[in-house]
Each structure stands twice: as C-alpha cells, then as structure tokens.
Amino acid sequence: MRRGYALLALIMLTACSTKDAPPAAPAATAAQGKGDHALTVTVGDKERTFQLHVPPQYDPARTMPAVVALHHKPGSGATMRELTGFDAKADAEGFLVAYPEGAGGQFNAFGCCGVQDDVGFVKAVAALLVERWHADPGRVFLAGVSNGADLSYRAAVEAPGVFAAIGAVSGGFAGGRTEAADYRPAAPVSVVTLIGAADPQAATFTTGVGTWRKRLGCEAPKETSPAPGVHETTTRCGDGSDVQAYVIDGGAHAWFGATVGELKAPGQIGATDTLWKFFVAHPRR
C-alpha cells in the first residue's frame, strides 16, 4: 500500500512538472524547414505575423543570409512577395526571405502610419531568423518599397547592429524624427536606394539621401550610368558604410523591374537584382 502511495505521488509530481515547464521550441530541420511558413512573433503585448520562404539549399547546420522585405501601403506580405519575386531569387542564390505583415496593411515609419512598434517588429523577425532558422547575423538585410522603404530607413537608425544593409525602393529618409540633426545610425549600415525621377516624391527622396550622407560624413558622390536613363551615385561614409543611389529617368513610384503587382514597372533596371547584388557585397563589417 505504501508503495502505491509513493507511485501515485511520483506520477502527480511528474504531471505538475510537465505542466509548469515551458514547451521546448521544435528544432528546425532541413526536411521540415524548406518551403513556405506562416509564423508569429510577440512584440510588447501584440502578436505579429510574417511569412517566411526557405530555399531548397537550406541546411540547419549552416548559416545563410536573410532578407526581411517590407510591403507598401496598403499592402501585405503576399503582395510584396508577388511584386518583388524574392522567392525565386532566394531559391537561385540561397537565402531566407521574410515578409512581415503591416498592421492594417501599413507600417509605422516617419509620421505614418499607426502607433504600433514596427521597429520592434522587424527586430523580432530578424532575431527569430538568426536564433531559430540559422540566418547569419552578419548578413541580415532589410528591403522595402514606399511605406516599407521608409521603415527600412527608420530601422537602420533605431535598430543599430541588426541589419548589415538596407534597400529602399521608392521611399525615403524624410519627415518627423529625421529632422533632428543627431538622428543617424550608431552602427554602420550601408544603403542602396532606387528613386523614379517622375515619382511625385522624388525630390523628397533625393534630399533625404543627401541628408543621410551629410550626417554620416560621406565623401562626395561619384556618378556613373549603368544603363540608359539610369543615374547611379556611390559614396563611402565616415563609419565605413556605403550609400548607392539610383535615379531612373521617367520612373514612377514603383518596384522597378516588377512585371506584376500594383507597383510594377518593367524597364531598364531591376530592383530585386540590384538590391541583392548590393547586399552580397555589404555584409556587416
């Protein structure tokens, strides 16, 4: 009888211990990791969602680069992946690509939109990619279009050391908090940006690039023309980062090179290829 009581007590103790212990996070494996995933992260008291595409080359025993891609307003992770074609680029080159979902189809960038902590959101996505999916912490990049490009600039400043480089397409460093003279990144982060000369906000975006370069003590820009109607300026900044800006003659508010989606713009330069080429050349130093 005494042994029966002892066995019952052991069973009850084991049950309590199992209930109280936090569930172990399942380890990602090559077999379960490849393909598309709908994931969540908690930011403050909010649960936020994002889509993740894992290429066929994925091996949990090895690190690989990652791109976090931010949609326009109003948009979604699905519209961003269709517009950019980043999934196909990831499959060809071997990198993870995440598509965060803005709150109500938008991100809280410079004076727009909402009050949610979207800098915290992209930081949490980047952290999960590094910790759970084995992204190389020195090769995590942030890309965005329009409202998503604005947030890319904001995160470059307010999430120092998280992203090695950002790619801003049809968006800029302007308004709100950017007006403070000391608003600049505390750690090196390189920037590539594409601006359409016919975009109604083109002057604002190009002024923002100039402000960024001035605050980082960048050298005088050097201009080239990689394709007809495309003007490229490059410069090295005081902290060792680079800024590369493309202005496209006749270009609208768009993701350049896209053939589908609301912001499509088939033409003389492809934003997806241009950003990836820059990212490959700019790991965190």
Side-chain angles (χ1 to χ4, degrees), residues 28 33-39 41 48-58 62-72 75-102 107 118-119 121-156 159 161-171 189-194 241-242 244 255-258 261 263 270-284:
K34 298 171 184 177
D36 298 322
H37 306 265
L39 302 174
V41 291
R48 305 293 300 272
T49 62
F50 69 98
Q51 299 177 37
L52 176 65
H53 179 74
V54 183
Q57 304 93 320
Y58 178 73
R62 302 175 61 187
T63 62
M64 63 169 36
V67 173
V68 179
L70 305 174
H71 60 73
H72 70 295
S76 66
T79 61
M80 187 65 175
R81 73 192 308 170
E82 178 188 51
L83 178 70
T84 62
F86 262 133
D87 285 7
K89 193 68 177 176
D91 290 349
E93 301 290 343
F95 62 92
L96 303 163
V97 56
Y99 304 94
E101 299 284 347
F107 294 109
D118 281 327
V119 172
F121 182 22
V122 296
K123 285 175 61 178
V125 170
L128 185 64
L129 296 181
V130 170
E131 295 165 9
R132 176 81 175 273
W133 295 88
H134 311 282
D136 181 345
R139 293 184 294 163
V140 179
F141 308 101
L142 187 60
V145 61
S146 192
N147 175 226
D150 298 347
L151 180 58
S152 295
Y153 271 111
R154 181 177 176 185
V162 175
F163 301 103
I166 67 165
V169 180
S170 297
V189 53
S190 292
V191 176
V192 58
T193 184
L194 283 75
S241 63
D242 292 321
Q244 191 170 63
W255 184 272
F256 304 100
L263 299 183
T272 301
D273 290 344
T274 300
L275 265 58
W276 178 246
K277 181 179 179 181
F278 184 85
F279 291 162
V280 168
H282 292 86
R284 189 163 64 217

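In what follows, residues are counted from 1 in the order of the sequence shown.
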Judged by modelled atom types alone, do Trp255 and Thr272 share a side-chain donor-acceptor pair under 3.5 Å? yes

Correct closest heavy-atom pair for Ala168 and Thr193 would be O-OG1, 2.8 Å

Closest non-hydrogen atom pair, Val68 against Pro100: CG1-CG, 3.6 Å

Pairwise distance CG(Leu151) to NE2(His71) - rounded to 0.5 angstrom: 10.0 Å

What do the steps show when you test Met80 against Leu70 for side-chain contact (heavy atoms from CB on, under 4.5 Å), and what is the final call? CA-CA 7 Å; Met80 187 65 175; Leu70 305 174; 5.6 Å; no

Any side-chain heavy atom of Pro65 sitting closer than 4.5 Å to one from Glu93? no

Fit a plane to each ring of His282 and Phe278, take the angle between them on a 0 to 90° scale, and name the class: parallel (under 30°), tilted (30 to 60°) or perpendicular (over 60°). parallel

Heavy atoms of Lys34 and Pro55 approach each other most closely as CG-O, 3.8 Å

Of the options Phe86, Phe141, Phe95, which is the one that meets Phe279 in a ring pair (Phe, Tyr, Trp, His ring centres under 6.0 Å)? Phe141

Heavy-atom side-chain proximity of Arg48 to Asp118 below 4.5 angstrom: yes

Start with the C-alpha distance between Lys123 and Val119, add both sets of side-chain angles, then the distance that settles side-chain contact (heavy atoms from CB on, under 4.5 Å), and finish with yes or no. CA-CA 6 Å; Lys123 285 175 61 178; Val119 172; 4.1 Å; yes

Please round to the nearest 0.5 Å and tell me the distance separating atom CZ of Arg132 and atom CG of Leu129. 11.0 Å

How far apart are the closest heavy atoms of Gly261 and Glu82, and which atoms are they? CA-OE1, 4.2 Å

Enter the distance from Arg62:CZ to Asp136:CG here, rounded to the nearest 0.5 Å. 11.5 Å

Does Lys89 NZ have over 12 foreign heavy atoms under 6.0 Å away? yes

Exercise: identify the closest heavy-atom pair between Gly102 and Phe107: CA-CE2, 3.5 Å

Side-chain contact, heavy-atom cut-off 4.5 Å: Leu142 with Val162? no

Please round to the nearest 0.5 Å and tell me the distance separating atom OG of Ser76 and atom CZ of Arg81. 10.0 Å

Phe256 vs Thr274 side-chain heavy atoms within contact, under 4.5 Å: no

Indicate the atoms forming the closest heavy-atom contact of Ala258 with Leu83, along with that distance. CB-O, 3.3 Å

Would you please test His53 and Asp91 for side-chain contact (heavy atoms from CB on, under 4.5 Å) and show each step? CA-CA 9 Å; His53 179 74; Asp91 290 349; 2.7 Å; yes

Donor-acceptor check, side chain of Arg139 to backbone of Ala164, threshold 3.5 angstrom: yes or no? no

Side-chain contact test, heavy atoms from C-beta onward, threshold under 4.5 Å: evaluate it for Val169 versus Leu275 and give yes or no. yes

For Tyr99, the option from Thr79, Asp36, Asp87, Thr49 that meets side chain to side chain donor-acceptor pair (under 3.5 Å): Asp87

Using the ring of each side chain (for Trp, its six-membered ring), is Trp133 parallel, tilted or perpendicular to Tyr58, with breaks at 30° and 60°? tilted

Supply the atom-to-atom distance Ser170 OG to Asp150 CG, rounded to the nearest 0.5 angstrom. 10.0 Å

Starting from the C-alpha separation in whole Å, work towards a yes-or-no answer on side-chain hydrogen bond (donor to acceptor under 3.5 Å, both in side chains) for Glu101 and Gln51. CA-CA 8 Å; Glu101 299 284 347; Gln51 299 177 37; 3.2 Å; yes

